[in-house]
Colleague: 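If you scroll down you'll find the structure; I have some questions about it.
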Number of protein chains: 2
Amino acid sequence: MPETENNKYQHQRQQAIRSAAAVFAEKGFHGSSTKDIAERMGIKQGSLYYYFKSKEEALGEVCLFGITDYVDRMNGIAASDQPFEAKLMATITSHLSSYREKNEALKVYNDERLYLPEAKRITLKSLGSGYRQLLEMIFEEGVQSGALRDSIDCHFAAQAVIGICNAWGDVIVRDPDVDLFDIIQKCTDLLLNGFRERRKIQRTDDDIDVAGNLNYQKN
Amino acid sequence: MPETENNKYQHQRQQAIRSAAAVFAEKGFHGSSTKDIAERMGIKQGSLYYYFKSKEEALGEVCLFGITDYVDRMNGIAASDQPFEAKLMATITSHLSSYREKNEALKVYNDERLYLPEAKRITLKSLGSGYRQLLEMIFEEGVQSGALRDSIDCHFAAQAVIGICNAWGDVIVRDPDVDLFDIIQKCTDLLLNGFRERRKIQRTDDDIDVAGNLNYQKN
DNA sequence: CATGCATTCTATAGACCTATAGAATTTCCG
DNA sequence: CGGAAATTCTATAGGTCTATAGAATGCATG
């Protein structure tokens, strides 16, 4: 470890975290060796311990890296002054975009974090459940503002959003040709309007149009 | 291996698969040792190789066990003569009930199957994607029968159902007090009707507004 | 009970893996 | 340039793991 504030050290450590993310994402925590990680960043196995006290510490850093600004962004969305629909869509966009940018680290966070020691896991958990709580709050606001049916269970709703996003996150990681924008629209549409045909049953024809084509513009 | 048709052998092998499922689910494939598995079924590490050629074979059997009658049931639902809503609810029920009964093996199938050798993975994949295709077909029928909006993307829809079910599957596994029936109802309701309030007429302007506040970039 | 098959055990080879110690090399800066 | 600090390397101790071989035990049946 360097004794002074140091630039190269920070940069190399970041590289180490990214390498670990890639390897863990591919082979899982226990399936990866420190040799794999070191080789991917072009150093020898032993040298990795200059940057991490242990393999476990590397996992912790990867998870943190995966989730950090993901939660920050969610804070921004929750605090912003937009109607419910916009917040929901922004959430989905943020979630899925994160998958594109940080797919490995996020996958590691989702799949491997349980192998962390208790203490670290709790720290991360508070971040993660902070995320879900923010989302839940957004739904509660949506109910209060009248945008959503008041019969909905906000906890369930938040979980459902995360579930759908994660399912598509996996698809996105595997197939880079999937159109992110298309998925975002469809997710939002599903969550707001459901799949059911309404013409015959319900009288509010307006909703059909809104449902059919959410009118979204790029900036 | 026994040379004749044998009862005890089959029974013990089944026990071995269940033990492996439990251990793999808890610690992941690479995190589990054959000693863990053997101990859980009350035999010694070496004896396990009487039932499996390798640890990998055990994983394959667990995955197969997890998914098998799950797919069978889906076949039944798809072939049955029910309206769309009933089929959807039956699917969700089947999916979530499977999580209750076979939570470990299903979790292993979802999380660890990629560690199988190519050949086995392909066999399983054809089963798994058979499942998704059946679900897709059900949605297509739903569109044709007029139960669903004809703008929906059936591939997307099937993926979304699976995503939601898996998210709740995890919750169900962790917390046995969750009311399965309640979740089933809420999932079905969400998928059919969405969360949006319908009495009030939604202004399309809201949806346009969304655009300004998103930082999505199309590449 | 004796024979043969089924099941489980013990012991171990051989591979691989983490983490550390200390040497070697590179980089920085006066 | 010269020395100090930073970075990487080599080598290895000590541990765990898979898979196999061969011995021991259980069990059914004639």
Side-chain angles (χ1 to χ4, degrees), chain A residues 1-63 108 112 114-117 120, chain B residues 1-63 108 112 114-117 120:
Chain A
M1 269 170 295
E3 285 174 7
T4 63
E5 285 304 321
N6 187 314
N7 225 329
K8 178 171 182 195
Y9 179 79
Q10 293 304 328
H11 174 264
Q12 281 289 78
R13 190 161 199 271
Q14 192 60 24
Q15 289 303 312
I17 293 172
R18 287 174 189 275
S19 301
V23 176
F24 288 156
E26 190 188 334
K27 306 188 179 186
F29 176 65
H30 294 290
S32 308
S33 73
T34 51
K35 185 155 182 268
D36 295 332
I37 298 168
E39 262 168 15
R40 174 173 277 256
M41 67 178 288
I43 62 177
K44 301 284 176 174
Q45 184 264 339
S47 308
L48 199 66
Y49 285 75
Y50 184 58
Y51 297 104
F52 300 119
K53 198 171 62 54
S54 68
K55 186 179 164 190
E56 216 168 49
E57 181 181 309
L59 176 60
E61 294 301 305
V62 170
C63 290
V108 173
E112 314 287 335
L114 77 148
Y115 301 127
L116 288 170
K120 197 93 189 178
Chain B
M1 270 170 294
E3 284 173 9
T4 62
E5 286 305 322
N6 186 315
N7 225 330
K8 176 172 183 192
Y9 179 79
Q10 292 305 328
H11 174 263
Q12 281 290 79
R13 191 163 198 272
Q14 191 61 25
Q15 288 304 311
I17 293 171
R18 287 174 187 274
S19 300
V23 176
F24 288 157
E26 190 187 334
K27 306 189 179 186
F29 177 63
H30 295 289
S32 308
S33 73
T34 50
K35 186 157 181 266
D36 295 332
I37 300 169
E39 262 168 15
R40 175 173 276 257
M41 67 179 288
I43 63 177
K44 300 285 175 175
Q45 185 264 338
S47 308
L48 199 66
Y49 285 76
Y50 185 59
Y51 297 104
F52 301 119
K53 198 170 64 49
S54 67
K55 185 181 164 189
E56 217 169 49
E57 182 181 308
L59 176 60
E61 294 300 306
V62 170
C63 290
V108 172
E112 314 287 335
L114 76 150
Y115 302 126
L116 287 170
K120 197 93 189 179

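Quick note on labels: first sequence line is chain A, next is B, and so on, each numbered from 1. Hydrogens, waters and symmetry mates are skipped; everything else that's a heavy atom, side chains included, is used.
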Colleague: Rounding to an integer number of Å, can you tell me how far A/I43 CD1 sits from D/dT10 P?
Modeller: 12 Å
Colleague: Report yes if a side-chain nitrogen or oxygen of A/Q12 is closer than 4.0 Å to either non-bridging phosphate oxygen (OP1 or OP2) of D/dT8; otherwise report no.
Modeller: yes
Colleague: Just checking A/S47: base, sugar-phosphate only, or nothing, at a heavy-atom cut-off of under 4.0 Å?
Modeller: base
Colleague: Hey, does A/S33 reach any base, or is it just sugar-phosphate, or nothing, if we go heavy atoms under 4.0 Å?
Modeller: sugar-phosphate
Colleague: Of all the choices, D/dC9, C/dT8, D/dT7, which nucleotide is nearest to the side chain of A/K44 once you look at every atom?
Modeller: D/dC9
Colleague: For the pair made of NE2 in A/H30 and P in C/dT18, what is the distance, rounded to whole Å?
Modeller: 11 Å
Colleague: At less than 4.0 Å, is any side-chain N or O atom of A/Y49 found next to OP1 or OP2 of C/dA19? Yes or no.
Modeller: yes
Colleague: Within a strict 4.5 Å, meaning less than it, do heavy atoms of the A/K27 and B/H30 side chains meet?
Modeller: no
Colleague: Would you say that B/Q15 contacts B/Q12 through its side chain, given a criterion of any heavy-atom pair below 4.5 Å between the two side chains?
Modeller: yes
Colleague: How many whole angstroms separate atom NZ of B/K53 from atom P of D/dA21?
Modeller: 13 Å
Colleague: Using whole Å, report how far CG of A/D36 lies from P of C/dC17.
Modeller: 7 Å
Colleague: From C-beta outward on B/K55, which listed nucleotide comes closest to its side chain: D/dT18, C/dT7, D/dT7?
Modeller: D/dT18
Colleague: Starting from P on D/dT7, measure out to NE2 on A/H11 and report it in whole angstrom.
Modeller: 12 Å
Colleague: Using a strict cut-off of less than 4.0 Å between a Lys/Arg side-chain nitrogen and an Asp/Glu carboxylate oxygen, indicate whether A/R13 and A/E57 qualify as a salt bridge.
Modeller: yes
Colleague: Need one value for A/F52: base, sugar-phosphate or nothing, where a base atom within 4.0 Å counts as base even if backbone is also close, heavy atoms only.
Modeller: nothing
Colleague: Whole angstroms only, please: what is the CG-C1' distance between B/N7 and C/dA6?
Modeller: 13 Å
Colleague: From B/I43 CD1 over to B/Y49 OH, what is the distance, rounded to the nearest 0.5 angstrom?
Modeller: 11.0 Å
Colleague: From NZ of B/K35 over to P of C/dA11, roughly how many Å is that when rounded to an integer?
Modeller: 14 Å
Colleague: Base, sugar-phosphate, or nothing: which does A/Q45 touch, judged by heavy atoms less than 4.0 Å apart?
Modeller: base
Colleague: Write down the distance between NZ (B/K8) and C1' (C/dC5), rounded to a whole number of angstrom.
Modeller: 13 Å
Colleague: For C/dT7, take OP1 and OP2 only and decide whether either is under 4.0 Å from a side-chain N or O of B/Y50.
Modeller: yes
Colleague: Please report the interatomic distance CD(B/E61) to CG(B/L59), rounded to the nearest 0.5 Å.
Modeller: 10.0 Å
